[in-house]
Structures are given as C-alpha cells and as structure tokens.
Amino acid sequence: MTQTSDRPERTRIERYDPVSIEPRWQARWDELGLYRTDLEATARPKYYLLTMYDYPSGDLHIGHWYVKTPTDAIGRFRRMQGYNVFMPVGFDAFGLPAENAAIKSGRHPREWTMQNIDKMRRQLRTMGAGWDWDAEVVTCDPSYYRWNQWLFLRFLEKGLAYRQRSAVDWCPNDGTLAREQVEGADRHCWRCGAKVEKRDLDQWYLRTTAYADELLDFSDIDWPEPIRVQQTNWIGRSEGAEIVFRTAQHDHHGGGEELRVFTTRPDTLFGATFMVLAPEHPLVPTLTHPSRREEVEAYIAQAQAATEIERLAADREKTGVAIGADAINPINGERIPIFIADYVLAGYGTGAIMAVPAHDERDYAFAERFGLPIRRVVAAPGEEDRGLEGAYIAHSADERLVNSGEFSGLPADEGGRRIVARLETEGAGSAAISYRIRDWLISRQRYWGTPFPIIYCETDGIVPVPEQDLPVLLPDTVDYRGSGVSPLTRDEAFLTVECPRCGGPARRDSDTMDTFIDSSWYWFRYLSPDDEIEAVDRSMVDRWTPVDQYTGGAEHAVMHLLYSRFWTKAMRDCGLVAEDEPFLRLFNQGQILGADGERMSKSRGNVVAPDDLVQRYGADTVRLFLMFMGPWDQGGPWSESGIGGVNRFLRRVWTIVLDPAGIESSDPESGHLPAGEDEAAAERSLRSAAHRTLRDVTADYEGYRFNTMVAKLMELSNVLWTYRGTPVANGPAWDEAVRLLLLMLAPSAPHVTEELWSRRLAAAGTPWSSIHAETWPTVDVAAATETTREVPIQIDGKLRDRITVPTTIGTAELEALALARPKVKAALAGQAPKRVVVAGGGRLVNVVVGAGPGASEPG
Ligand SMILES: [Zn+2]
Ligand SMILES: [Zn+2]
C-alpha cells in the first residue's frame with residue numbers, strides 16, 4: 001500500500017501478510033482437529049488419498065511440495081464435495097542413506113533419522129495441508145517393523161517366501177540387490193550407480209513369479225499407460241513351447257539325457273540344426289567328449305571371466321566350442337551337434353537353446369562362423385526357394401512352413417500349434433509360457449533395516465521366531481561401518497540364541513529386509529498405526545482400501561508400484577485383506593528440475609528451498625504457483641518468474657473481498673461500469689462469469705488440470721475487479737461471485753481464503769465456521785451457459801449508444817432496456833417514441849423519435 005496518499009484519512013484495509021496469517025490458521029486447524037478423520041464414520045463416502053511417503057532426508061524440497069500440495073487441494077475439494085477424506089502421512093525411515101550419513105557423521109542412524117523426521121514434520125506443517133497426523137507411521141519404529149516380520153512369517157507359512165543359494169546381483173556398496181534394482185545396459189546399482197557384480201549367496205526370496213499373470217491384469221485399476229507398459233514388459237510374458245531334446249548315444253556316453261529348451265517359435269523346429277548350452281550348464285561335464293575336454297574347459301574359464309553384459313552384447317563376435325556330443329531333434333529324429341557358447345546364460349530360462357539359424361540373428365551369426373547348416377523353414381508365398389542373406393525374422397499371417405515334413409504348407413502359426421501337439425503326444429514337449437520376472441530377493445547385508453525373524457539351528461535347520469517373541473529388535477550398538485558383510489554378524493549377543501524348537505545353540509539371520517518391504521503395505525497400517533494385536537485392522541481395511549488416489553513418481557514403476565501389488569495379493573492369499581489391488585487410481589506428477597534443466601541435487605547447487613519462498617511469499621502463493629506452472633504430470637525446469645504474478649493475484653483477491661467499494665483505489669476508471677453496460681446487465685454478466693468459472697473449475701479439479709483452474713480463477717478476479725467501486729459491488733451478484741471465488745480457491749490457497757472467509761462472516765455478524773467445512777457450491781447451469789452480446793442503439797437511425805445484454809433476451813425486454821437508457825430518455829424528452837424497431841433478431845434497436853430521413857427502418 002502506498003504511504004504517500006494525499007487523500008483524506010479513511011479506513012484503510014490491512015495489508016495481505018501471509019507470514020502472520022498462515023501459522024495462525026495452521027494452529028487453529030490443528031486445535032480443532034479439522035483433518036482428523038473419523039474412520040468409523042459411514043454417513044459420507046470414503047476417500048482414501050495418499051502420496052508416496054517420504055524418505056526422511058532431513059530437508060523438504062520443492063519436489064515434495066509439487067506432489068503434496070496439489071494432492072492436498074484434491075483432498076480439500078473432495079471434502080467439500082461431501083467425502084470423508086483420509087489423508088495420512090508417514091516416513092520411510094529405514095534404508096541406506098541413514099546408514100551412510102551415520103557412518104560419515106558418527107551419529108547413530110536412529111538419531112539421524114528421528115532428527116530429520118522432526119525437522120520434516122515442521123516443514124510439512126508450513127504447507128498447510130490437511131493431513132491426519134494421528135495416523136502417522138515411521139517404519140524404523142518396532143511398532144511398525146515387527147509387522148514386517150510377522151507378515152514375512154505368514155508368507156513363509158504360505159510358501160510365498162523361501163531361502164535359496166544362487167548367483168545374486170551384488171553391489172560393492174549396497175550388497176545384494178533385487179533384479180529390479182539393477183539398472184541400465186551396463187548393469188549399475190539403482191541407488192549408488194556402482195557396477196553390479198555376481199555372488200553366490202544364501203538369500204531369502206519372495207515368490208513374485210507366482211503372481212506373474214495376475215500382475216499383468218490392470219482391468220480393475222486406473223493407472224497411467226506408461227506404468228502399465230513398464231510393468232508388462234518387466235513381467236515379460238511370452239507364449240511358446242518347452243521342447244525336450246535328448247542326447248544321442250555316443251562312444252563316450254549312452255545318451256538319453258534330457259535337454260529342455262523354451263522357444264517362442266515352435267513352428268521353426270525343423271530348422272533347428274544345432275543346440276547351444278550355457279557353458280555353466282550342469283550336463284556339460286558329462287556330455288563333453290574326452291577329445292574336446294581341454295578346449296571346452298578353457299572356454300568355460302574364459303566365459304566366466306566375461307561379464308553378463310559383455311556376453312549378451314549383440315555386436316559381439318559369437319564364440320563357442322563344440323563339445324563333441326549330439327542331440328536328437330524330437331520332431332524329425334535328426335542328430336544335431338551340441339555347442340557351448342557364452343551368449344547363452346545359465347540363469348535365464350533353461351540354460352539351453354535350440355538354434356534355428358535361418359530365423360534367429362544370433363544363431364545365424366554363429367552358424368556362419370562355424371559352417372553349420374542353415375535351413376529355411378518359414379517363407380512368405382513365392383519366397384520358398386529364395387536364398388537367405390541373413391536370418392529371416394518377419395512373421396506375418398500369410399507365411400507358411402517349408403522343409404518341415406508333413407507340416408510343410410501349413411500357415412506358420414497353425415503349423416507351430418500342430419508341431420507342439422505332436423510333441424505332446426510323444427512326451428517330447430508342451431505348450432509353455434515363460435516370464436522375464438524373477439522372484440524378489442529381499443535379503444540385504446545392511447544394518448538399518450528390519451531383522452529377519454529367522455533362527456538357524458544345527459538340528460532343526462530354518463526355524464521361524466515364534467510369534468510371541470516378536471519383534472526381533474534391531475540392536476542399537478552394532479558397528480555398522482564397512483560393507484560387504486552384514487553388520488549384525490559382528491553382534492554376538494544378537495546372533496547367539498537358543499533354538500525355540502530344541503533349546504540347542506542356534507544363530508539368528510544376520511541380514512535385514514529390503515526396505516521396499518516397508519513400503520509394500522504401509523497404507524494398510526495407517527488405518528491402525530498403534531494396533532499392538534494385529535498387523536492390519538481388517539474391518540478398517542475392508543472399509544477404506546483400496547486407496548482411491550495415489551500420487552508419486554513414475555520412477556517407482558517396477559519396484560515399489562510392482563511390489564505393492566504383489567504384496568497386496570500375497571496378503572489376500574494369507575487371508576489378511578480382501579482386495580486384489582492396492583491403489584485404484586495412480587497419478588505420476590512430473591519432476592521439477594533445477595533452473596538449469598538438470599535434476600536438482602545439492603552437488604549441482606540447483607536445489608530450490610521452499611522454506612525461503614514461503615518466508616517471502618507465503619505458502620498459498622507457493623502452492624498456487626506450483627499448480628499454475630503447467631500440467632501436473634509434466635513438471636519442468638524451475639523458474640520463479642511467474643511467482644510474483646501469482647502473489648499479485650492473491651493480493652487482488654484480498655482487495656476485492658475487503659475493499660469492494662474501491663476506497664483505496666487510485667484507478668480513475670474504477671467506479672464506472674464498462675461502457676454500454678447498465679447495472680442489471682452488469683449483474684447478469686458477473687453472475688454468468690462466476691457460474692461459468694465454477695463449472696469449469698469443478699471439472700478442472702476433477703481432472704487435476706490445476707494450471708487451467710488457476711487461470712480461470714484469475715479471469716474471474718479480473719471480472720470482479722472491473723466492477724469494484726461500482727454500484728454492482730454492493731449487490732447480490734457481487735456477493736455471490738466473491739463467495740464462489742473464495743470457495744473455489746479454498747482447496748488450493750487454504751490460508752488466505754480461510755482468513756477472508758472469517759472476515760466476511762464477522763462483517764455479516766455470522767458465527768465463524770471454517771471455509772474448509774463448507775459444501776462445494778452448485779453450478780447454476782442457466783447462468784453459466786448465458787452469454788452476452790453488445791447491441792447498438794440508434795435514435796432516428798443514428799448510432800447513439802450500446803448495451804450489453806444476454807443472448808437469450810426477449811424483444812420486449814430489449815426494448816424496455818433500450819428505452820431506459822439515459823441518452824434515449826433525453827432524446828425522447830418525456831414523449832413516447834413513435835416506433836421502436838428491434839431488427840436482426842435482436843442485434844440492433846432503432847428508436848424513432850421524430851420524422852425525417854433517419855426514420856426509415858434499417859435494411
Ligand atoms: Zn549400490
Ligand atoms: Zn533346534
């Protein structure tokens with residue numbers, strides 16, 4: 001506000017000062033328990049609104065605001081629509097960063113974590129979001145992780161958890177990883193980027209593969225297409241056949257061993273002219289001919305020295321050696337030679353392939369190099385005899401089998417099915433489905449996680465910790481430094497235990513669980529965070545889940561978002577919950593990048609601290625600015641250039657509400673209706689604008705189109721601004737438009753609207769009640785669809801005036817409005833007009849006052 005006004009002293013309106021308003025309302029809402037959800041209440045429909053809970057890094061950044069504040073707007077909007085909204089918040093508090101930070105700073109991970117959580121709770125409060133803090137979960141608390149242990153034991157009972165020794169992915173910093181946590185063609189660690197190696201270890205697995213088909217079914221959930229595609233590809237279902245080849249009799253062994261292969265192309269079986277085994281295949285030592293042994297062993301050693309990625313590289317020269325044994329192709333009895341080659345991996349499929357060089361590029365390259373037969377067995381019409389210059393892969397409907405015995409001439413697909421049927425009758429194969437997904441490896445050699453509730457006894461083997469002994473507490477005083485070995489192995493007091501079965505000496509499992517387990521079921525626990533009897537409260541779970549709306553980053557597509565679906569189904573099969581899916585509707589917000597267009601990071605120095613912005617502009621401005629930036633699913637580089645405009649918008653709303661008469665206006669235009677508009681028309685047009693905005697803003701909230709929602713509210717504020725200081729600003733249309741503006745803005749800018757609402761109530765002598773407890777207003781459809789046009793008014797054929805009227809106006813009403821205009825009245829000077837002509841279907845009014853040339857009717 002200007003301090004240099006030379007106008008006489010009048011009642012000044014207070015300045016908009018978010019820094020004083022916002023904390024006051026936050027405290028008041030807390031005090032009133034406005035967002036504490038009554039989970040038992042059934043009168044209103046439930047709405048479970050969730051954002052991915054946060055890792056307690058200790059600093060809330062703009063990305064947290066970008067996911068949480070629009071979500072809060074959704075929650076407030078749904079509340080006003082009559083839903084019983086539950087919006088809990090919590091912390092994903094176990095995990096490696098705490099351990100690493102602790103190693104660096106010498107502070108215990110628990111201390112580091114809890115201090116960060118305290119700080120983040122304070123930062124979260126500044127958003128003014130309607131969280132139910134009573135439902136908070138913190139996963140490093142034994143009251144949470146004991147149920148990880150309990151659920152793990154249920155899965156173990158159900159056969160959904162098992163222990164197995166195998167070659168696992170190993171990060172030098174993080175220890176074992178799940179397959180989902182190995183990223184990129186160079187196979188780096190998802191967390192630290194280090195190159196991932198292989199190690200042979202005994203580890204715990206969860207049987208995600210048992211749900212592969214069910215996980216491919218998205219029919220009951222509304223999830224973004226990119227996530228569905230990523231999960232589908234990750235699960236990687238392919239249909240084909242498992243075919244059993246048998247080894248041929250040879251001078252060094254009797255033959256008859258089974259070699260199973262999976263193929264998606266059983267139609268090409270007649271083209272299989274050799275087999276390739278992984279060098280690690282268990283039958284290789286048996287099958288290798290003594291004369292080949294030296295070369296074979298040298299090759300195996302060489303293959304093991306190569307990394308998996310080297311072995312799989314498409315452009316790598318194909319190497320291999322014949323082992324001096326043959327297999328029998330079950331469809332035609334042909335003897336075909338067996339090779340080992342490093343492009344076949346033992347851990348994938350059966351570790352053996354049938355090689356069809358005419359129709360597979362790798363096999364073609366291999367056959368060329370070793371001079372092996374290449375036999376075309378699939379061809380398009382007319383191409384049966386054409387030679388091949390490379391593998392023929394195309395697979396279209398009109399292709400037919402050739403060189404395939406009695407199956408020749410059949411369409412390829414049908415031929416494939418008949419070949420499989422034949423194999424089935426002979427016990428040499430069957431239709432089969434293969435998946436890319438593997439079981440979830442959940443053992444981690446780290447300290448800061450949930451201990452496994454497992455004891456190893458020399459007599460009894462694997463013994464689950466009895467339920468009454470849960471939780472197995474994570475000891476506090478472990479030396480957690482160093483990596484490569486579980487820190488808990490250094491804690492004898494923890495490790496040494498009596499076997500619960502035989503009482504003999506036994507040891508605890510020294511690994512901890514993958515922290516993705518914590519996040520696989522936390523939304524169930526929000527419904528009963530303090531329950532000491534049960535993991536989940538079944539009646540609450542039945543009432544409140546699945547989650548109606550879940551929002552978080554798309555980078556979790558094949559980890560958290562897949563694990564959560566698996567875990568829900570596994571809990572269902574243990575009889576703990578009824579539903580199949582965790583989250584009905586998923587939204588992936590975009591990512592806010594640094595101003596330089598790069599990912600925000602401390603090392604780049606491009607991190608935006610929302611705390612500073614809140615201090616400068618207030619939380620409402622920051623919230624609204626983030627929503628106004630662009631479509632919510634897009635994010636983009638940070639730019640503050642628009643934040644001032646958003647702040648000015650809120651100040652304008654402030655002035656519109658508190659100073660409708662324009663007392664403080666210095667605008668010479670204010671106080672006048674727009675040219676051609678009388679008060680009645682102005683009120684109609686204001687009302688129409690308000691309801692049109694309400695109609696559009698309602699749809700925008702529903703569709704999460706927050707940027708256009710804010711733009712429409714800005715337009716409405718502009719319309720109000722033009723009537724400020726005019727007689728319209730005293731009338732009911734103004735009052736209604738202001739009320740609607742505040743109600744529509746309330747979900748997005750909760751503090752300033754609450755403040756203005758309370759002042760309006762006080763001014764009207766009405767007792768206070770929160771704007772956030774109001775009902776979402778109803779659109780007056782007739783008003784919203786009403787549009788106006790400008791009608792010229794002639795007096796004796798000469799243009800004298802213009803009026804703005806609704807397009808729906810009737811002729812009589814238009815005439816009356818025209819005759820009421822001051823200029824027309826003056827021309828009539830108290831006389832009745834000779835004639836009033838409304839022409840062009842209400843597009844022109846001519847008032848005939850006197851005689852003369854101008855009196856002619858317009859054409
Ligand atoms: Zn790592
Ligand atoms: Zn025992």
Side-chain angles (χ1 to χ4, degrees), residues 44-52 63 65-87 129-130 218-229 546-554 557 561 581 583-592 620 623-636 642 646 649 689-717 740-750 753 772 774-781 783-785:
R44 291 178 295 151
K46 69 97 179 178
Y47 193 79
Y48 193 161
L49 180 60
L50 195 63
T51 52
M52 288 179 188
W65 279 69
Y66 196 54
V67 58
K68 288 178 193 306
T69 58
T71 299
D72 180 53
I74 297 168
R76 291 175 183 279
F77 171 68
R78 293 290 181 209
R79 261 187 212 105
M80 291 172 84
Q81 283 190 320
Y83 288 91
N84 189 19
V85 174
F86 180 46
M87 194 171 84
F218 298 92
S219 54
D220 291 335
I221 51 179
D222 177 13
W223 281 29
E225 164 111 23
I227 302 284
R228 285 185 280 127
V229 168
V547 168
D548 294 277
Q549 170 65 50
Y550 194 37
T551 305
L561 289 171
E581 292 285 349
F583 316 121
L584 289 180
R585 185 174 171 188
L586 175 72
F587 188 89
N588 301 120
Q589 85 283 2
Q591 195 179 28
I592 305 264
D620 283 340
R623 291 172 61 118
L624 214 55
F625 175 60
L626 288 170
M627 290 195 221
F628 190 47
M629 272 178 66
W632 193 24
D633 59 356
Q634 287 179 20
V646 170
F649 161 60
H691 280 276
R692 221 165 35 238
T693 308
L694 175 58
R695 180 194 62 198
D696 296 348
V697 161
T698 305
D700 282 351
Y701 272 120
E702 300 267 5
Y704 305 163
R705 293 183 298 272
F706 300 118
N707 56 328
T708 58
M709 178 273 293
V710 176
K712 281 161 197 160
L713 292 180
M714 287 174 166
E715 280 168 31
L716 179 59
S717 80
L740 292 180
L741 176 64
L742 289 179
L743 289 170
M744 288 187 276
L745 186 57
S748 303
T753 49
H772 303 298
E774 287 294 314
T775 301
W776 189 253
T778 310
V779 182
D780 178 340
V781 179
T785 50

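The first residue in the sequence is number 1, and the count goes up from there.
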When the ring planes of Phe77 and Tyr701 are compared, do they come out parallel, tilted or perpendicular, using 30° and 60° as the limits? parallel

First locate atom CZ of Arg79, then atom CG of Asn84, and finally report the distance between them rounded to the nearest 0.5 Å. 8.5 Å

Thr753 side-chain N/O to Pro750 backbone N/O, donor-acceptor pair under 3.5 Å: yes

Answer yes or no: is there a side-chain heavy-atom contact under 4.5 Å between Val710 and Ser748? no

A side-chain contact here means heavy atoms from C-beta on lying under 4.5 Å apart; do Tyr48 and Tyr550 qualify? no

When rounded to the nearest 0.5 angstrom, what distance separates CG in Asp222 from CZ in Arg585? 6.0 Å

Distance-minimising heavy-atom pair for Pro747 and Met80: CG-SD, 4.0 Å

Below 30° counts as parallel, above 60° as perpendicular, anything between as tilted: where do the rings of Phe218 and Trp223 land? tilted

What's the verdict on salt bridge (Lys or Arg N to Asp or Glu O under 4.0 Å) for Arg76 and Asp72, showing C-alpha distance, side-chain angles and the deciding distance? CA-CA 6 Å; Arg76 291 175 183 279; Asp72 180 53; 2.8 Å; yes

Considering non-hydrogen atoms only, spot the tightest contact between Leu713 and Phe649 and give its length. O-CE1, 3.7 Å

Can you tell if the side chain of Gln81 reaches within under 4.5 Å of the side chain of Tyr47, non-hydrogen atoms only? no

Suppose we screen for side-chain contact (heavy atoms from CB on, under 4.5 Å). Which residues come up paired with Val67, at least two apart in sequence or across chains? Thr51, Thr551, Gln589

If we ignore hydrogens and angles and just use 3.5 Å, is the side chain of Arg705 paired with the main-chain N or O of Ala699 as donor and acceptor? yes

Output for pair (Phe628 CZ, Thr708 OG1), nearest 0.5 Å, gives 10.0 Å

Is there a side-chain contact between Leu624 and Leu745 in this structure, where contact means two heavy atoms from C-beta onward sitting under 4.5 Å apart? yes

State, to 0.1 Å, how close Leu741 and Ser717 come at their nearest heavy-atom pair, and which atoms those are. CD2-CB, 4.5 Å

Is the closest side-chain heavy-atom distance between Ile221 and Arg228 below 4.5 Å? no

Side chain proximity check, Asp700 to Met744, heavy atoms < 4.5 angstrom: no

Taking atom OG1 of Thr693 and atom CE of Met709, what is their separation to the nearest 0.5 Å? 12.0 Å

Heavy-atom check, side chain of Gln549 versus side chain of Thr71, under 4.5 Å: no

Nearest-0.5 Å distance that lies between atom CG in Leu716 and atom CZ in Arg692: 9.5 Å

Quick check: closest heavy atoms across Ala557 and Ile227, and the distance to 0.1 Å? CB-CD1, 3.8 Å

With a 4.5 Å limit on heavy-atom distance, are the side chains of Leu694 and Trp776 in contact? yes

How far does NZ of Lys712 sit from CG of Asp696, to the nearest 0.5 angstrom? 4.5 Å

Testing the basics here: between Lys46 and Asp548, what is the closest heavy-atom pair and its distance to 0.1 Å? NZ-OD2, 2.8 Å

So which atom in Trp65 and which in Pro70 form the shortest heavy-atom distance, rounded to 0.1 Å? O-CD, 3.5 Å

